[in-house]
Structures are given as C-alpha cells and as structure tokens.
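Below is one structure, written out as structure tokens; the observations come after it.
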Number of protein chains: 2
Amino acid sequence: MGKASRDSSKAIARLRGVGLRPTRQRVELASLLFKGPDRHVTAENLHEEVAGLGLKISLATVYNTLHQFTHAGLLRQVIVDAARGYFDTNTGDHQHFFLEAEGTLIDIPGEDIRVAGVPAPPAGMTVDRVDVVVRVKRA
Amino acid sequence: MGKASRDSSKAIARLRGVGLRPTRQRVELASLLFKGPDRHVTAENLHEEVAGLGLKISLATVYNTLHQFTHAGLLRQVIVDAARGYFDTNTGDHQHFFLEAEGTLIDIPGEDIRVAGVPAPPAGMTVDRVDVVVRVKRA
DNA sequence: ATTCTTCTTTAGAATTATTCTAATCTGTTG
DNA sequence: CAACAGATTAGAATAATTCTAAAGAAGAAT
C-alpha cells in the first residue's frame with residue numbers, strides 16, 4: 001500500500017466521519033491539508049499548490065471545500081484583516097464584543113480584560129498590539 | 001457662539017494638533033465623530049450619515065479621511081471580519097501571532113495564553129469564541 | 001489681495017477576494 | 001446500472017475598497 005493511497009483512505013474516513021461525500025476533490029484537498037503538520041492556508045494559495053501538483057480543482061471548489069471543512073469542524077478560520085473597516089473613536093486601551101448577527105461592536109474597557117502568557121514574539125519582532133475579539137451569538 | 005461653530009473650532013484645533021489641514025470635509029467629519037460619545041463607524045455608514053445631514057463629501061474622501069485620522073491616532077481600526085480567509089488545520093484551543101508585513105500566522109498554544117476579565121455578554125447572548133491576535137512588526 | 005505651490009477632493013474606473021449561477025458531472029442507492 | 005441528489009465548474013456578478021488623473025481649495029510668498 002503506497003503513501004498516497006494511505007493518505008486518501010485516511011482522508012476518506014475523515015470525510016465520512018463528518019458526513020461529507022468523499023469526492024475526488026475533497027479527498028485530494030483533505031489529504032494535502034491533513035497529511036503533515038498543522039498549517040495555515042488561504043483559498044488562493046491552496047489552489048496554487050494543488051495546480052502545482054498537477055491536480056485539477058477549480059478555485060470555486062477550493063473555496064466551497066474550505067468552508068465545508070470549516071463548518072464540519074475540520075478547519076478553523078482565523079480573522080486577521082478587515083473586509084469591512086470598522087473605525088472606533090475610542091483609541092484608548094480596550095477590546096470588543098462583536099455581535100456577528102448584527103455586525104455590531106461593543107467596547108470592553110481595558111481595565112476589565114487581561115491577556116496573560118503571550119510568548120516572546122519571533123526574533124527581530126516586537127508586539128505592535130494585542131487584539132481581543134469576543135464573538136457573541138444569540139443564546 | 002453657536003453649537004456648530006464651537007464643534008468646528010474644536011475640530012479645527014484637533015486637526016491642527018495632528019498636522020492635518022482643516023479642510024471643510026475633514027472638519028465636518030471630525031465634528032461628527034468627536035462631538036458626542038465614542039462610536040464605531042464604517043466608511044459606508046458614515047458617508048450615509050453625512051449625506052443625510054445634507055453635507056456633501058464623496059465616499060472616496062470618507063475613506064481617505066478615516067485612514068488619515070487613524071494614522072494620526074484619532075481613530076483606531078477594529079478588525080472583526082476577514083478580507084482574506086486564512087484557514088487553520090489546528091482546530092484546538094489556541095491563538096495567533098500575525099506578522100502584518102508578510103501576512104504570516106504563527107500559532108500560540110492555548111495553554112500559554114490566557115484571557116481573563118471578559119465581562120458578561122449582552123443579555124440573550126453567549127460567547128461563541130474569544131479570538132486573540134498578537135500583531136507583531138519588525139523591531 | 002494675487003499668485004504660486006502643494007495638498008485635497010472627486011467621479012468614475014480598476015482591483016481583489018469572494019460568491020453566485022446555471023449547466024454539467026459524479027457518488028450513492030435501490 | 002439507472003436515477004437522483006449532491007458536487008463541480010467556468011465565468012459572470014458582487015462588495016468593499018483603492019486608484020487615477022483632473023479640478024479645486026489652503027497656506028505661503030510676494
């Protein structure tokens with residue numbers, strides 16, 4: 001049994017486990033994503049990687065699949081840049097609640113919230129700022 | 001001396017203080033943003049508000065001005081939604097360093113980092129998740 | 001005040017990441 | 001293996017934002 005087929009049986013099992021049909025595209029993407037150590041990908045760079053390997057998966061499918069995997073709990077989305085710019089007149093030390101449903105922000109005073117245990121940043125880097133977003137939803 | 005003119009002298013002083021020419025558009029936006037309690041705005045909704053008051057400021061200028069105010073330290077940008085989707089194969093409890101210059105993510109283990117003092121969410125809401133992004137830049 | 005120079009504003013085009021659409025194809029089930 | 005629900009795809013559409021290049025205002029110098 002070759003490495004690729006071992007990868008794909010694991011991927012197929014994982015997909016079945018979360019109720020997703022193991023199509024060629026999903027199996028190939030899952031194999032790539034989960035065969036090695038943890039990684040961070042964007043749709044664009046995963047699509048390029050796939051193309052580089054000679055696999056044929058459309059960009060739309062890469063987007064669909066990343067979202068399906070995320071809903072299924074296989075991936076998690078990390079939010080670091082702004083699709084919609086929210087600007088705050090309060091420039092002091094504080095953080096935010098974000099009500100996803102309404103797109104509303106509520107301030108959390110800086111005296112209330114504390115972040116501890118931030119490791120040293122990579123060599124040659126300094127901390128610019130620490131952003132905390134507490135995402136809340138209807139109970 | 002009327003309220004509007006008091007607002008605009010304050011706005012003019014504030015703009016001069018950060019080295020921005022007090023043009024009509026900047027004065028009007030600063031007056032609106034800083035006259036009352038702290039607020040959160042998007043370019044789009046501020047532009048609508050301005051239009052509703054009968055003031056004429058183009059959307060491009062609202063964008064420019066919000067960024068200038070932000071660079072000048074008068075505003076702060078809050079990042080809550082994703083312009084570029086980063087997906088992480090690590091779905092466990094952890095947070096991230098974000099190297100803005102390169103657009104790179106580095107995991108911070110969940111055992112390392114701790115967030116304390118999060119107030120109770122608004123009534124009827126529950127915390128979905130708490131995201132911490134430690135933004136780092138070249139020292 | 002008038003002119004000069006530089007900074008600003010603006011409308012509209014361009015860009016970027018993403019989602020939608022509608023046609024085609026593929027897994028799974030009976 | 002036929003049929004159907006679900007998946008994939010190319011390309012169009014969308015949304016927020018930025019860019020462009022031309023016209024307009026601020027402040028300085030005369």
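Keep in mind that the numbers below use all heavy atoms, side chains included, and drop hydrogens, waters and symmetry copies. Proteins get letters first, then strands, A, B, ... in listed order; numbering begins at 1 in each. This structure is a prediction, so every number in the text was calculated from the model and none was measured.
- Checked by atom type and distance alone, the side chain of B:His47 never pairs as donor or acceptor with a backbone atom of B:Ala43 at under 3.5 Å.
- Residues from residues 38-73 of chain B with heavy atoms under 4.0 angstrom of DNA chain D, sorted by number: B:Ala60, B:Tyr63, B:His67.
- Remark: B:Arg76 is not positioned above the aromatic ring of A:Phe87, lacking an NZ or CZ atom under 6.0 angstrom from the ring centre and at most 45 degrees off the axis.
- For the pair B:Ser31 (side chain) and B:Val27 (backbone), a donor-acceptor distance under 3.5 Å is present.
- Between A:Arg138 and A:Glu100, none of the side-chain N atoms (NZ, or NE/NH1/NH2) sits under 4.0 Å from a carboxylate O, so this pair counts as no salt bridge.
- Between B:Asn45 and B:Thr42, the side chains place a donor N or O and an acceptor N or O closer than 3.5 Å (distance only, hydrogens not considered).
- First and last contacting nucleotides of DNA chain C toward chain B (any atom under 4.0 angstrom from a heavy atom, 5' to 3' order): C:dT6 to C:dT18.
- Applying the ring pair (Phe, Tyr, Trp, His ring centres under 6.0 Å) test to pairs two or more places apart or on separate chains, those with a residue in residues 93-138 of chain B are A:His40-B:His96, B:His94-B:His96.
- With sequence neighbours excluded, no residue satisfies salt bridge (Lys or Arg N to Asp or Glu O under 4.0 Å) with B:Arg114.
- Contacts of residues 13-30 of chain A with DNA chain D (heavy atom under 4.0 Å): A:Arg21, A:Thr23, A:Arg24, A:Gln25, A:Arg26.
- A donor-acceptor pair is defined here as one N or O able to donate and one able to accept, closer than 3.5 Å; no such pair exists between the side chain of A:Tyr63 and the backbone of A:Glu44.
- A straight line from CZ of B:Arg84 to P of D:dT17 spans 14 Å, rounded to a whole angstrom.
- Across all their heavy atoms, A:Thr126 and A:Pro121 have their closest contact at CA-CG, 4.3 Å.
- The number of heavy-atom neighbours closer than 6.0 Å to CZ of A:Arg129, taken from other residues, nucleotides and ligands shown, is above 12.
- Counting only distance, with no hydrogens or angles, the side chain of A:Ser8 and the backbone of A:Ala11 share no donor-acceptor pair below 3.5 Å.
- Looking only at distances, a side-chain donor or acceptor of A:Asp81 sits under 3.5 Å from a matching main-chain atom of B:Arg84.
- Within residues 96-107 of chain B, no residue is approached by DNA chain D to less than 4.0 Å at the level of any non-hydrogen atom.
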